[in-house]
There are 2 protein chains.
Amino acid sequence: MAEDREVTIYDIAKYLNISAATVSRGLKNNPMISKQTRKKITDAATMLGYQSNTFASSLRSRQTLTLGVLVPRLNSHFMSSVLAGMENAANLHGYNLIIAQSLEDVDKEKRNVLTMYNKRVDGLLISLSANAVDIQHLEPFFKKQIPVVFFDRVHPHADSTSVGIDNYEAAYKITTHLISQGCKRIMHLGGNLLRNVYTDRFKGYKKALKDHRLLFVESLHLVSNLSEQAGTEAARYILDLPAAERPDAVFSANDTAAVYCMLALKAAGLRIPEDIAFAGFNNDPISKVIEPNLTTMNYSGEAIGNTAATYLINHLKGSTDLYATNAITLRADLVIRASSLKKDAAG
Amino acid sequence: MAEDREVTIYDIAKYLNISAATVSRGLKNNPMISKQTRKKITDAATMLGYQSNTFASSLRSRQTLTLGVLVPRLNSHFMSSVLAGMENAANLHGYNLIIAQSLEDVDKEKRNVLTMYNKRVDGLLISLSANAVDIQHLEPFFKKQIPVVFFDRVHPHADSTSVGIDNYEAAYKITTHLISQGCKRIMHLGGNLLRNVYTDRFKGYKKALKDHRLLFVESLHLVSNLSEQAGTEAARYILDLPAAERPDAVFSANDTAAVYCMLALKAAGLRIPEDIAFAGFNNDPISKVIEPNLTTMNYSGEAIGNTAATYLINHLKGSTDLYATNAITLRADLVIRASSLKKDAAG
DNA sequence: TTGTAGGCGTTATCAC
DNA sequence: GTGATAACGCCTACAA
């Protein structure tokens with residue numbers, strides 16, 4: 001019963017007594033074909049239940065209308081916002097997304113890159129895994145001139161563009177804000193220094209200290225994966241410090257670590273911001289729920305995703321030269337909330 | 001300079017003075033081919049920079065090693081966990097994920113279904129949009145016997161399987177728990193009743209009321225999209241109620257609405273759980289950050305995603321009959337936290 | 001164990 | 001405007 005062969009343009013052609021070439025053209029609304037036949041074709045197509053075979057088409061036309069997306073982890077608030085933004089942009093232009101995660105593992109990242117290549121994605125959107133030392137594994141793409149756009153965790157490369165925010169400036173602003181609140185011993189919870197987002201935040205933090213004549217203290221710089229657990233451990237670390245060496249503020253490179261650090265310190269009886277002020281990064285939903293609300297850096301994951309995908313697609317459509325722009329920097333705004341308002345709390 | 005033609009199995013064949021067929025076999029580790037030639041082939045492949053063309057292969061072999069994933073929204077904690085679980089399972093078995101979101105819009109969902117079909121995904125994983133009345137639009141898949149697995153927001157269909165939790169029982173447990181704490185006027189913040197997850201939670205809630213001789217009160221049943229805003233509006237609604245008609249507990253069908261409702265009520269001076277107890281659903285990260293911590297239903301999005309994808313893949317590989325199982329129900333556990341512990345709070 | 005030949009469904013290139 | 005024909009890169013009977 002079940003007819004297994006696909007309905008092809010040949011079936012339509014036969015049905016209408018015209019050539020397959022004409023059907024192919026008619027289906028794509030090629031203006032060379034008369035309005036009449038075009039209508040006949042589309043009608044016959046729906047009535048025969050025709051559905052175009054994308055990869056037969058891809059094989060011939062050398063484009064897949066598919067973008068590869070490679071992220072460290074799928075399940076973070078920030079990343080899912082980015083994906084939502086990308087999906088919107090892609091969908092708008094008739095592109096699809098094929099998505100994989102590296103789980104912060106370069107080897108998996110490498111395999112994924114090759115898979116994307118084998119699937120002949122038209123372009124690649126990538127945010128690097130924590131421990132990727134270089135971008136050697138992207139060579140196949142560069143060699144074949146398949147456009148690559150980095151987002152968030154970027155890496156400079158002549159044949160690509162990066163989309164992100166100015167992490168240096170953002171961290172500088174946050175740190176300066178804490179200093180303006182009277183904080184003098186500001187701890188930094190940072191991420192893996194192989195990634196620009198974390199080195200830049202670290203540098204911005206140090207520069208702000210320096211500009212305000214505060215000493216950078218090694219023991220107040222912790223590097224971790226910024227997970228819930230890392231936040232809790234940071235709290236333990238702080239509590240174990242001699243009273244005189246305790247920080248009077250914490251600037252965390254993400255909200256998760258900040259919030260879990262706060263929770264543990266609160267449980268230990270410390271008052272925030274009186275005893276210790278806090279600032280995070282990302283404007284994650286939890287930053288608006290924790291008490292006191294967490295001062296943080298707000299920037300839109302959706303905007304980053306949308307921008308990166310749109311830029312890539314425009315390039316593919318030939319309306320933009322990918323290499324005209326090396327970096328696209330989106331805005332990030334300091335959102336001041338109670339967790340860092342030492343002066344108000346005192347007053 | 002840039003040689004634009006792809007490196008194909010013919011290039012390898014020519015290079016080694018063997019036939020393309022042998023190369024094709026060798027590349028797939030076909031045991032018919034001698035170990036020696038196999039090695040020669042793979043060596044030549046890497047040295048020539050060969051990368052297999054997936055869709056040329058797909059065109060011929062009629063399988064894409066790609067699964068379509070269709071979700072209402074990408075950017076929720078639950079959904080991104082699901083995706084992470086699916087990606088793990090898919091990756092493990094050599095499958096890829098092509099992902100799209102309907103943004104709760106049936107029409108977009110319909111278009112996406114067709115795109116997935118045109119891309120000839122080997123199987124479809126779908127969670128329905130809020131306002132999908134039927135699953136007429138999945139017919140192409142059913143007709144062609146392409147397996148479909150529903151997850152979370154499911155829909156009964158003879159030719160598919162569903163993966164989710166027992167929402168009815170979960171809601172029953174939650175409501176019973178609130179009743180056991182002495183609550184008598186329990187409000188329910190529910191979602192769109194077209195979706196099983198919300199009708200089942202609603203039914204479980206009503207059944208628990210009935211079993212404990214409590215009246216179901218229409219005015220204590222709100223239907224919304226369960227967003228932050230919906231939570232805040234629910235609080236407004238509660239505050240506007242005459243004192244005698246106010247609920248003494250709220251069971252929300254998700255944590256987001258619960259938490260934003262709590263925040264607004266707290267801001268208005270109500271005490272939780274003394275004045276009004278709370279329970280949510282999902283065990284979202286915010287439920288552990290809000291004060292008091294939110295009682296909720298815990299179930300793993302990753303497990304759901306992983307199970308759904310694994311099941312689908314096993315079916316594709318022929319090791320499972322898709323229709324042997326109509327529904328896979330994963331466990332969900334009540335996580336009791338301070339927000340619902342009226343008795344403790346009183347004591 | 002390997003080679004030959006034809007076809008998967010579409011589109012590009014010429015013709016007319 | 002439309003038609004013939006040859007690719008695109010790979011796989012798989014069948015033959016050797």
Side-chain angles (χ1 to χ4, degrees), chain A residues 3-42 44-45 48-66 94 117-122 140 144, chain B residues 3-42 44-45 48-66 115 117-122 140 144:
Chain A
E3 189 55 67
D4 225 32
R5 234 182 61 77
E6 303 220 353
V7 179
T8 74
I9 53 173
Y10 279 94
D11 298 320
I12 301 179
K14 203 167 293 173
Y15 181 79
L16 294 175
N17 271 317
I18 57 178
S19 80
T22 306
V23 175
S24 173
R25 294 184 185 112
L27 253 15
K28 324 192 69 185
N29 273 317
N30 186 322
M32 291 284 98
I33 304 295
S34 78
K35 271 236 148 104
Q36 279 189 47
T37 29
R38 253 190 287 175
K39 174 139 178 52
K40 278 201 302 187
I41 291 170
T42 47
L48 294 177
Y50 169 81
Q51 289 297 337
S52 82
N53 185 322
T54 312
F55 41 81
S57 163
S58 296
L59 178 58
R60 192 60 241 246
S61 67
R62 300 170 163 290
Q63 67 161 341
T64 54
L65 293 179
T66 299
Y117 182 92
N118 289 345
K119 296 243 167 178
R120 299 295 191 274
V121 295
D122 289 342
K144 230 188 148 206
Chain B
E3 189 56 67
D4 223 31
R5 234 182 61 76
E6 303 220 352
V7 178
T8 74
I9 52 173
Y10 281 94
D11 298 320
I12 301 179
K14 202 166 295 171
Y15 180 79
L16 294 176
N17 271 319
I18 58 178
S19 80
T22 305
V23 176
S24 173
R25 295 185 184 110
L27 254 13
K28 321 192 72 184
N29 273 318
N30 187 323
M32 292 284 98
I33 305 294
S34 79
K35 273 235 148 113
Q36 279 189 48
T37 28
R38 253 189 289 174
K39 172 135 180 55
K40 279 201 302 188
I41 290 170
T42 47
L48 293 178
Y50 169 81
Q51 289 298 335
S52 83
N53 185 324
T54 312
F55 42 81
S57 163
S58 296
L59 179 58
R60 192 61 240 251
S61 65
R62 297 171 165 291
Q63 65 162 343
T64 54
L65 294 179
T66 299
T115 312
Y117 182 92
N118 289 345
K119 296 242 168 177
R120 298 296 190 275
V121 295
D122 289 343
K144 228 189 152 204

Do A:R60 side-chain and D:dA7 base share a donor-acceptor contact under 3.5 Å? yes

Tell me whether the OP1 or OP2 atom of D:dG9 has a side-chain N or O from B:T8 closer than 4.0 Å. no

With a 4.0 Å cut-off on heavy atoms, is B:S52 in touch with a base, just the backbone sugar-phosphate, or nothing at all? sugar-phosphate

If you pin B:M32 and A:S57 to their nearest nucleotides in DNA chain C, which one's is more 5'? B:M32

Is the distance from OP1 or OP2 of D:dT2 to the nearest side-chain N or O of A:T37 less than 4.0 Å? yes

Nearest-Å distance, CZ (B:F55) to P (D:dG9)? 9 Å

Taking only side-chain nitrogens and oxygens of A:Y10, does any of them come within less than 4.0 Å of OP1 or OP2 of D:dG3? no

Evaluate side chain to side chain contact (heavy atoms under 4.5 Å, CB included) for A:E6 paired with B:R120, printing each intermediate quantity in order. CA-CA 11 Å; A:E6 303 220 353; B:R120 298 296 190 275; 2.5 Å; yes

Of A:S61 and B:L59, the one whose nearest nucleotide on DNA chain C sits closer to the 5' end is B:L59

From CD1 of A:I9 over to P of D:dT2, roughly how many Å is that when rounded to an integer? 15 Å

What do the steps show when you test B:K119 against B:T66 for side chain to side chain contact (heavy atoms under 4.5 Å, CB included), and what is the final call? CA-CA 9 Å; B:K119 296 242 168 177; B:T66 299; over 6 Å; no

Ignoring hydrogens and geometry, is there a side-chain-to-backbone donor-acceptor pair from B:R38 to B:I33 under 3.5 Å? yes

State whether A:R38 places a side-chain N or O below 4.0 Å from either non-bridging phosphate oxygen (OP1 or OP2) of D:dG1. no

Report the distance from atom CG of B:N53 to atom P of C:dC8, rounded to the nearest whole Å. 18 Å

Does a side-chain N or O from B:S19 land closer than 4.0 Å to OP1 or OP2 of C:dT4, or not? no

Please report the shortest heavy-atom distance between A:I9 and A:A20, naming the atom on each side. CD1-O, 3.9 Å

Verdict with supporting geometry, B:N118 and B:T115, side chain to side chain contact (heavy atoms under 4.5 Å, CB included): CA-CA 5 Å; B:N118 289 345; B:T115 312; 5.7 Å; no

Should the side chain of A:R62 and the base of D:dG9 be counted as holding a donor-acceptor pair, with the cut-off at 3.5 Å? no

Tell me: CD1 of A:I12 to C1' of D:dG3, nearest whole Å? 17 Å

Please tell me which of the listed nucleotides, C:dG3, C:dA12, D:dG3, lies nearest to the side chain of B:T22? C:dG3

Could you tell me how far apart A:D11 (CG) and C:dG9 (P) are, to the nearest whole angstrom? 9 Å

Closest to side chain of A:I18, choosing from D:dG3, D:dC10, C:dG9: D:dG3

Starting at atom CZ of B:R25, determine the distance to atom P of C:dT1, rounded to an integer number of angstrom. 12 Å

Given that A:A21 and B:A56 both sit by DNA chain D, which one's nearest nucleotide is further toward the 5' end? A:A21

Evaluate the side chain to side chain contact (heavy atoms under 4.5 Å, CB included) criterion for residues A:I41 and A:I18: first the C-alpha distance (whole Å), next the side-chain angles of each, then the deciding distance (0.1 Å), finally the verdict. CA-CA 10 Å; A:I41 291 170; A:I18 57 178; 3.9 Å; yes

Does D:dG1 have OP1 or OP2 under 4.0 Å away from a side-chain N or O of A:S34? no

Distance, rounded to the nearest Å, where B:K28 contributes NZ and D:dT12 contributes C1': 10 Å

note: B:Y50, atom OH; D:dG9, atom C1'; distance rounded to Å ~ 8 Å

